[in-house]
Amino acid sequence: MLDRITKFLIFGLAPLMVGILTTTDMSLAAERRLTGEVIYRERMILPGNAVLTVQLLDTSQPDAPARIICEQRVALTGRLPVRFTLKFDSRDIRPKTTYAVDASITVDGQAVFETNARHYVDPLADTPMTMVLKQVQDQQSEVGTPG
């Protein structure tokens, strides 16, 4: 009888405990998602090579460039709104840190639409967001014509 209990403890309970401890560690590193959609107000059909890029940024250091936590690129199909899902590891999110989401639409590497203000977020909140992008002004129209 004692031999059966010993075998049960060694071959049954020990692997079970190892499995529980391993699973607990893995659950701490859960993948999280930040979802939303992007729109722009101009009535404009973008070419087939337009790409939406959405980034989750750590903006807590005012004198340093924002650190990219994660990024998604979406080839645009011409329909609005364009939905996005940013996937990140919850261990990358620190307390007392400021996070923002930026987005831009590019064609042949040139920005056509982009965010014109910071969209601050709590990445761990399950709140979908809507971002309205503004059209990037042509540099010649900003400078004006010489006269």
Side-chain angles (χ1 to χ4, degrees), residues 8-147:
F8 171 74
L9 290 175
I10 293 172
F11 296 110
L13 194 56
L16 179 63
M17 293 304 291
V18 169
I20 289 172
L21 293 174
T22 305
T23 304
T24 303
D25 267 352
M26 288 174 55
S27 67
L28 293 175
E31 180 182 90
R32 298 296 301 253
R33 296 170 187 255
L34 181 64
T35 61
E37 61 186 16
V38 171
I39 61 172
Y40 56 87
R41 298 194 190 280
E42 291 77 7
R43 293 181 172 239
M44 176 182 202
I45 297 174
L46 294 171
N49 60 341
V51 176
L52 168 68
T53 302
V54 184
Q55 297 176 326
L56 175 61
L57 305 170
D58 173 350
T59 59
S60 57
Q61 300 295 324
D63 297 337
R67 183 174 65 92
I68 299 172
I69 304 296
C70 62
E71 176 180 280
Q72 182 188 19
R73 293 179 185 268
V74 179
L76 299 183
T77 60
R79 294 189 202 141
L80 292 178
V82 181
R83 289 177 173 50
F84 64 86
T85 301
L86 294 170
K87 299 176 185 176
F88 59 94
D89 189 332
S90 60
R91 292 181 297 184
D92 291 336
I93 305 303
R94 298 181 313 239
K96 298 181 182 177
T97 302
T98 308
Y99 296 96
V101 175
D102 276 347
S104 65
I105 296 174
T106 57
V107 175
D108 295 329
Q110 297 293 319
V112 179
F113 290 94
E114 61 188 10
T115 52
N116 65 343
R118 288 276 187 206
H119 293 271
Y120 293 101
V121 296
D122 175 1
L124 300 178
D126 290 330
T127 307
M129 62 186 305
T130 299
M131 300 175 67
V132 179
L133 302 186
K134 302 290 182 182
Q135 188 171 12
V136 175
Q137 299 297 318
D138 185 21
Q139 289 183 355
Q140 282 187 348
S141 66
E142 285 183 6
V143 173
T145 54

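The basis for the numbers below is simple: all heavy atoms, side chains too, and nothing from hydrogens, waters or symmetry mates. Sequence positions, counted from 1, serve as the residue numbers for this chain. Keep in mind it's a predicted model, so treat the numbers as computed, not measured.
Leu57 approaches Ile69 most closely through the heavy-atom pair C-CG1, 4.3 Å. Closest heavy-atom contact between Phe84 and Glu37: CE2-N, 3.4 Å. For the residue pair Pro123 and Phe88, the shortest heavy atom distance occurs at O-CZ, 3.3 Å. The two residues Val38 and Leu80 come nearest to each other via the heavy atoms O-CD2, 4.1 Å.
One finds a salt bridge joining Asp102 and Arg118 here, because a Lys/Arg side-chain nitrogen approaches an Asp/Glu carboxylate oxygen to under 4.0 Å.
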Could you please spell out the steps behind the side chain to side chain contact (heavy atoms under 4.5 Å, CB included) verdict for Leu133 and Thr115?
CA-CA 5 Å; Leu133 302 186; Thr115 52; 3.5 Å; yes

Side chain to side chain contact (heavy atoms under 4.5 Å, CB included) between Val74 and Arg83, intermediate numbers included
CA-CA 9 Å; Val74 179; Arg83 289 177 173 50; over 6 Å; no

Side chain to side chain contact (heavy atoms under 4.5 Å, CB included) for Ile39 and Phe113? Distances and angles first, verdict last.
CA-CA 10 Å; Ile39 61 172; Phe113 290 94; over 6 Å; no

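More than 12 heavy atoms of other shown residues, nucleotides or ligands fall within 6.0 angstrom of atom CD in Glu42.
For residues 47-65, every residue pair satisfying the salt bridge (charged side-chain N to carboxylate O under 4.0 Å, His left out) rule, not counting sequence neighbours, is listed here: Asp58-Arg67, Asp58-Arg94.
Listed for the Gln72 side chain is a donor-acceptor partner under 3.5 Å among the backbone atoms of Thr85. Side-chain atoms of Ser90 come within 3.5 Å of backbone atoms of Ala30 as a donor-acceptor pair (strictly under, hydrogens ignored).
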